[in-house]
Structure formats: structure tokens, C-alpha cells
Amino acid sequence: MAVPDDAASDRSDFVREQIQQDLAEGRVDRVQTRYPPEPNGHLHIGHAKAINTDFEIARDFGGTCMLRFDDTNPDTEDVSFVEGIIADIEWLGYEPTETLFASDYFDQLYEWAELLIRDGKAYVDEQDTETIRMQRGGYGNPGIESPYRDRSADENLDLFRRMRAGEFDDGAMVLRAKIDMQHENMQLRDPIMYRIRRGHHHRTGDRWVIYPTYDWAHGQSDAIEGTTHSLCSLEFDSHRPLYDWYLEQLPLPHERPHQYEFARLELTHTMTSKRKLAQLVASGVVEGWDDPRMPTLKGLRRRGYPASAIREFCSFIGIAKTNSRHQIELLESFVRTELNATAQRRMAVLRPLRLTITNWPTDDDGNPVVEHFEVANNPENEADGTRQVAFSGELFIEQDDFMADPPPKYFRLTPGREVRLRGAYLVTCTGYETDDEGEVTRVLATYDPDTRGGSAPDGRKVKSTMHWVSAAHAVPATVALYERLFTAEVPGEATGDPMDDLDHDSREVLTECRVEAALADTPAGEVVQFERIGYFAHDDRTPMLFHRTVGLRDEWANIQKRQG
RNA sequence: UGGGGUGUGGUGUAACUGGCAACACAGCAGAUUCUGGUUCUGUCGUUAGGGGUUCGAUUCCUCUCACCCCAACCA
């Protein structure tokens with residue numbers, strides 16, 4: 001099993017402690033986990049935590065981790081999901097020891113079902129769904145035993161074989177485990193093991209018309225594969241006694257696996273309901289499962305979230321049994337930390353405002369002089385080297401970087417003030433032009449020729465350094481800015497429907513951006529830092545389209561917020 | 001209703017199983033800085049509630065409260 005070793009391996013949690021104890025006391029002599037998705041949808045950030053947990057725990061104990069598809073419901077599953085899940089796990093950076101399918105165990109599961117029938121521990125029930133549900137009791141009502149509960153083993157066997165042979169219609173009968181209709185745990189009130197379904201299965205085709213339920217397939221699959229520690233989410237805790245009961249009835253090829261439950265990952269401003277996510281896609285609120293606003297792994301990837309940042313985040317938050325919701329800001333801080341170290345710096349002007357250097361020289365032919373400056377690709381990493389950026393007398397700066405009448409603590413360009421154009425010169429604002437509506441259309445400034453490279457020989461300081469592009473050398477680009485898809489921290493908390501908290505303006509597309517020429521060479525999918533703005537992912541199919549991964553930390557924004 | 005699970009700063013996670021409640025994110029203040037970024041320093045603030053055992057309780061006992069899950073022929 002190959003997994004990256006960037007995650008902390010010295011952390012402790014209730015699962016790791018359990019495993020240590022199992023090892024120490026000789027209950028197991030190896031560790032095997034599995035990640036068991038149903039191939040009926042796309043993986044999202046919540047799944048990343050489960051994947052991280054299963055793979056990292058196995059790695060910490062020198063064990064193995066399988067990828068097993070729990071494909072026991074032909075109605076909802078599809079190969080495209082199998083392929084998507086495999087690709088997403090690989091992207092996340094994990095390599096399963098083996099990729100397996102519960103459907104490969106259908107024969108074994110069937111044999112074991114017959115064994116239970118012969119032992120008098122399972123029976124065929126011919127009642128309909130509604131009746132069975134009513135008889136299960138609950139909400140203060142006692143369970144009622146099915147009239148078919150005490151059939152002979154021979155009769156059950158005959159019926160079950162004919163179920164498999166396709167003699168009965170869908171829903172006509174089911175195989176049930178014979179446990180205890182008065183059990184206080186509802187899961188043990190004669191649970192369904194098999195139902196008749198004529199859907200086409202993505203792997204077994206039409207070979208089967210009966211399909212095992214989750215409970216009858218899951219633990220047995222774990223056991224067949226040799227799973228030692230079966231980790232799942234909290235809502236399965238009441239299934240654990242059933243998990244154990246089934247395994248106790250069967251001759252297993254390995255030691256018995258045990259199930260442990262931990263809390264799912266939830267994030268603020270994020271909704272991970274598969275059905276509702278599908279609704280977002282279907283209604284066109286987002287552009288697809290890989291829309292950069294989606295919490296899917298495909299979406300996060302397109303947005304520019306590094307897989308390593310997602311892994312680090314998952315490892316950091318650890319596993320616990322408390323239902324909780326992590327702040328999306330924490331994930332974002334992991335993304336920034338990773339990108340700060342790795343992303344190449346570039347200059348990009350998102351909302352251009354013309355800046356004219358009025359004392360800029362012309363050459364012998366009367367054309368403005370063009371100079372080239374060498375700037376660092378990443379000040380955090382000298383090995384990333386430098387690049388050349390063209391500079392001349394006509395530039396674009398960010399509209400936000402000039403104010404004719406600035407509020408307190410505004411450090412940027414304003415009439416009379418000197419600032420630095422990053423890597424180039426110190427310039428002083430001498431005036432500005434406006435249109436009929438008073439909008440600033442052009443800023444005028446003079447440069448100090450003695451400050452070439454950006455520092456003054458007399459050592460004077462400026463309060464602000466600003467990014468810029470040369471009007472004649474910059475190239476156009478489209479930049480998509482994203483807000484949170486859901487405005488509420490807990491989508492749906494107020495009304496019960498997450499869709500009520502949807503921000504229908506969560507994407508702003510800027511088409512007039514001017515960016516430095518080097519950005520045209522950015523590989524598809526790569527994330528760069530637009531200096532002073534944020535991290536942006538070059539789209540993987542549309543050249544010169546950039547998605548904002550996450551903004552830089554912005555103290556000025558905080559100041560403005562406080563100023564109201 | 002029955003059963004199961006969980007409660008620690010604004011948020012999330014820890015605390016050698018009885019011994020100074022810590023780490024991160026967020027916030028605030030300062031230093032550094034050719035990114036209002038980064039980095040560094042400081043600061044803020046926590047054991048759901050009552051009772052009990054104990055020299056000492058987040059930890060043990062007890063009662064109460066709150067929240068989550070199960071009661072599909074989904075997983």
C-alpha cells in the first residue's frame with residue numbers, strides 16, 4: 001500500500017488506541033481496514049475524511065486498506081461512479097491494496113444464507129413491505145411475529161432457491177434473519193437479508209434477481225476480505241449488534257472483524273446531501289458535479305484545493321464521536337498554508353484602472369521606453385527562480401488601489417502620495433481624470449528614476465506596494481470569483497431547507513482582467529498566487545480562465561469592516 | 001416511546017485514565033516585510049447544570065438538562 005507520508009502518524013484517538021490494545025493483547029496480529037463506498041454518486045469532502053481515516057490508520061500500523069464497493073443495490077449504481085470514485089481516491093493520493101466489490105461475494109453470501117436457513121435462523125417472509133414495517137413495532141409498539149416465521153427449514157430453502165431462480169415478482173417475498181421481534185434494538189427485529197430486484201447490475205448484469213441488503217453484505221464482505229477493523233460513521237452504531245450477530249453464525253475464513261464508529265465531517269456553509277447536491281446540478285444552480293463551488297472532490301480539485309491540503313486537514317481534525325461542524329475557514333487555512341509554500345507569484349489586475357506615468361521617457365523614435373524587471377516567482381522558495389516583467393509608461397492598476405478621497409488608514413494611491421509599483425519604481429500620484437459621472441478613468445503619476453527596482457537610494461519608505469501590469473504587454477484573462485454557495489453557517493438551519501440559504505450570486509465572472517504575460521504559460525489546472533489578491537487555479541479545459549481558490553488573508557478588509 | 005451515542009473557549013480537537021486545562025482556526029495588539037501576504041511575539045477566552053467521593057475531579061459516582069442517530073425490501 002502506498003500512501004503519502006505527509007500526515008502526522010503520532011496522533012492518537014479512540015480507534016488507534018483500540019487497535020494498539022488489540023495488537024498488545026494479541027487479538028489481532030495485523031491491521032486491515034477498508035473504504036466501502038456505494039457507487040451511486042460522487043465523493044465529497046466528507047468522504048475525504050473517511051478515506052483519510054481508513055488509509056492513514058492502516059498505514060500507521062503497517063497494515064493494508066482495501067477499496068471495496070458496496071454495490072448491493074442495482075437500482076442506484078453505475079460504473080461511471082465506480083470509475084469516478086477510483087479516480088478521486090487516486091487524486092487524493094491514496095492507493096488501495098486491492099479494489100474489490102461486494103458483488104463478487106454474491107455466491108458466498110448466498111451459500112451462507114442457505115446455511116442460516118438450514119440452521120433455522122432465517123426464513124422467507126411473503127408479507128409486503130408495509131406489513132413488515134408495521135409489525136416491526138417501535139415508537140412504543142411491540143413487535144409482531146410474521147405468520148411465516150416458523151416455516152420448516154426445508155420449505156424456506158425451497159422458497160429461497162425459487163426466489164433466486166426468478167420464480168417470484170419483485171417485492172413478493174424477502175429472506176429475513178430470525179432473531180427477536182421484541183428486541184429493544186430495532187435492527188435485531190428480524191432484519192431483511194435479501195430482496196427481489198430485477199434491476200440490471202453494473203457488474204453482475206442480470207445474473208441475480210435477489211440482492212443482499214447492506215447489513216447482510218457489509219460485515220460478511222469485511223470478513224471475507226480479512227478486514228480487522230471496520231470503521232464507519234456514527235449512524236451505524238445501532239447496526240453493530242447485527243453486524244456481530246451475523247458473523248457469529250458463520251464459519252469465517254479469518255478472525256472476526258469488529259466495527260467502530262466515528263463522526264462524519266461536516267463543514268460550515270457546506271451541504272453534503274447527495275440528493276440535494278444532485279438537485280443543484282439538475283437545476284443549473286451550479287454547472288456540474290465539478291463546479292468549483294461544489295464540495296465534491298472533483299469540484300475542490302477544479303477550484304484548486306491541493307489534495308495534500310485536504311489530507312492534512314483531515315488528519316488534523318482527527319476522529320471523534322462528537323457530531324460537529326468544522327469551520328470552512330480551517331480548511332481554507334490549510335489550503336493557504338500549502339499554496340503559500342508552493343504557488344508561483346504572478347501579477348494580475350482584476351478590475352483595471354489606467355495609470356499613466358507622465359514623466360516616462362520616449363526613445364529616439366518617439367515611442368515610450370520599455371523596461372524589464374526581474375521578479376521572484378516565490379519569495380518563500382528561492383529555488384523557484386525569477387521571471388522578467390515588462391514595464392512602460394501606460395499601466396493598469398487595481399481600481400481598489402486608488403481613491404481620490406480616501407478613508408483613514410488607506411495606504412494605497414491617492415493624490416499626492418508616493419507608493420511602490422512592485423519590483424519597478426516609486427511613483428507619486430499627481431492627479432486623476434473622471435468621466436461625466438465622476439468615475440475615475442485614469443490616474444496620473446510621476447516616477448522617480450532613481451528608484452529603479454523599487455527602492456529609494458535615500459532610504460525613504462512608502463506605506464504601500466501595489467501590483468500592476470503594462471498596458472501594452474498584459475494579456476486578457478477571465479477570472480471567476482466565488483462566494484460560499486450557502487450564506488448560512490448551517491444551511492437549512494432556519495427553514496429546514498438548505499436551498500433557502502443558497503446564494504444565487506455565488507459566482508462573479510470578471511472578463512476584463514489584464515494579467516502579466518507569463519500567466520499564458522501556466523499549465524492547465526495549476527494554482528498560482530495573484531499577488532495581493534489570492535490563489536487562482538488555471539482552468540483545466542478553458543485557457544486563460546482562472547478560478548479563485550481562496551483569497552489571501554486581508555487585513556484591510558477587516559479594517560474596513562470595523563470602520564463600517 | 002424504546003434503544004444507542006455525544007456534551008471542554010466564538011469554532012473544532014486534546015489532556016500520561018485523579019494532579020498547573022493545551023493545540024489550531026478566528027479575533028485583537030505589536031514587530032518584521034518590496035504582497036495590508038508570509039514570519040515572529042503578545043493577548044483574548046473553555047470543562048452543559050445540580051449534588052457527592054477526594055487533599056485535589058474534564059476524568060470517578062449520582063440526578064437533571066440539551067443535542068444527534070435507529071425503528072427502509074437505501075447505504
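In what follows, every chain begins at residue 1, and chains take the letters A, B, ... in the order their sequences are listed.
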**Student:** If you count every heavy atom of other residues, nucleotides or ligands that lies below 6.0 Å from A:R264 atom CZ, does the total exceed 12?
**Tutor:**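 Atom CZ in A:R264 is not crowded, with 12 or fewer foreign heavy atoms closer than 6.0 Å.
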
**Student:** Taking the C1' atom in each of B:rG49 and B:rA66, what is the distance between them to the nearest angstrom?
**Tutor:**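 Comparing C1' positions in B:rG49 and B:rA66 gives a spacing of 10 Å.
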
**Student:** Look at A:R345 and B:rU35 and indicate whether a side-chain polar atom (N or O) is within less than 4.0 Å of OP1 or OP2.
**Tutor:**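 Answer is no, no contact under 4.0 Å.
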
**Student:** So what's B:rG10 paired with, Watson-Crick or G-U wobble, going by both distances under 3.5 Å?
**Tutor:**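 Answer to the pairing question: B:rC25, which forms a Watson-Crick or G-U pair with B:rG10.
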
**Student:** Taking OP1 and OP2 of B:rC73, is either one under 4.0 Å from a side-chain nitrogen or oxygen of A:R136?
**Tutor:**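 For A:R136, the contact criterion (side-chain N or O under 4.0 Å from OP1 or OP2 of B:rC73) is met.
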
**Student:** Measuring to OP1 and OP2 of B:rA75, would you say a side-chain N or O of A:T72 lies under 4.0 angstrom away?
**Tutor:**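 For B:rA75, OP1 or OP2 has a side-chain N or O of A:T72 closer than 4.0 Å.
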
**Student:** Is atom NZ of A:K463 surrounded by more than 12 heavy atoms (other residues, nucleotides or ligands) closer than 6.0 Å?
**Tutor:**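 Not more than 12 within 6.0 Å, no.
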
**Student:** Return the pairing partner of B:rC55 with a 3.5 Å limit on both distances, Watson-Crick or G-U wobble; otherwise return none.
**Tutor:**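 B:rC55 is paired with B:rG19.
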
**Student:** Distance check, P atoms only: B:rG42 and B:rA24, in whole angstrom units.
**Tutor:**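 To the nearest whole Å, 11 Å.
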
**Student:** RNA chain B: A:N40 or A:P379, which has the more 5' nearest nucleotide?
**Tutor:**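 Comparing both residues, the 5'-ward one is A:P379.
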
**Student:** Verify the contact: side-chain N or O of A:R336 to OP1 or OP2 of B:rU38, cut-off strictly under 4.0 Å; return yes or no.
**Tutor:**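 The answer is no; no side-chain N or O of A:R336 sits under 4.0 Å from OP1 or OP2.
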
**Student:** State whether A:R195 places a side-chain N or O below 4.0 Å from either non-bridging phosphate oxygen (OP1 or OP2) of B:rA75.
**Tutor:**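 The answer is yes; a side-chain N or O of A:R195 sits under 4.0 Å from OP1 or OP2.
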
**Student:** Does CD in A:E382 sit with more than 12 non-hydrogen atoms of other residues, nucleotides or ligands closer than 6.0 Å?
**Tutor:**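 Open.
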
**Student:** Tell me whether A:W556 and B:rG36 count as stacked here, given that the ring centres must be under 5.5 Å apart and the planes must differ by less than 30 degrees.
**Tutor:**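 Yes; by the centre-distance and plane-angle rule, A:W556 counts as stacking on B:rG36.
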
**Student:** Would you say B:rA71 has OP1 or OP2 under 4.0 Å from some side-chain N or O of A:N185?
**Tutor:**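 No.
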
**Student:** Separation of A:E329 atom CD from B:rG12 atom P, in whole Å?
**Tutor:**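 Rounding to the nearest Å, CD of A:E329 and P of B:rG12 are 12 Å apart.
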
**Student:** Does A:R553 place a side-chain N or O at less than 4.0 Å from the phosphate oxygens OP1/OP2 of B:rU35?
**Tutor:**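 No.
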
**Student:** B:rU13, OP1 or OP2 - any side-chain N/O from A:S324 closer than 4.0 Å?
**Tutor:**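 Answer is yes, contact under 4.0 Å.
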
**Student:** Paired with B:rC67 by Watson-Crick or G-U wobble geometry, both distances under 3.5 Å: which nucleotide is it?
**Tutor:**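 Because both required distances fall under 3.5 Å, B:rC67 counts as paired with B:rG5.
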
**Student:** Can you find a side chain N or O atom of A:N73 that sits less than 4.0 Å from OP1 or OP2 on B:rA72?
**Tutor:**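 A:N73 to B:rA72 OP1/OP2: no side-chain N or O under 4.0 Å.
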
**Student:** Determine the Euclidean distance between corresponding C1' atoms of B:rA15 and B:rA21; express it in Å to zero decimal places.
**Tutor:**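 Roughly 7 Å separates the two C1' atoms.
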
**Student:** Let me spell it out: for each of A:G454 and A:F334, pick the nucleotide of RNA chain B with the closest heavy atom. Which residue's pick is nearer the 5' end?
**Tutor:**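 The residue whose closest nucleotide sits nearer the 5' end is A:F334.
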
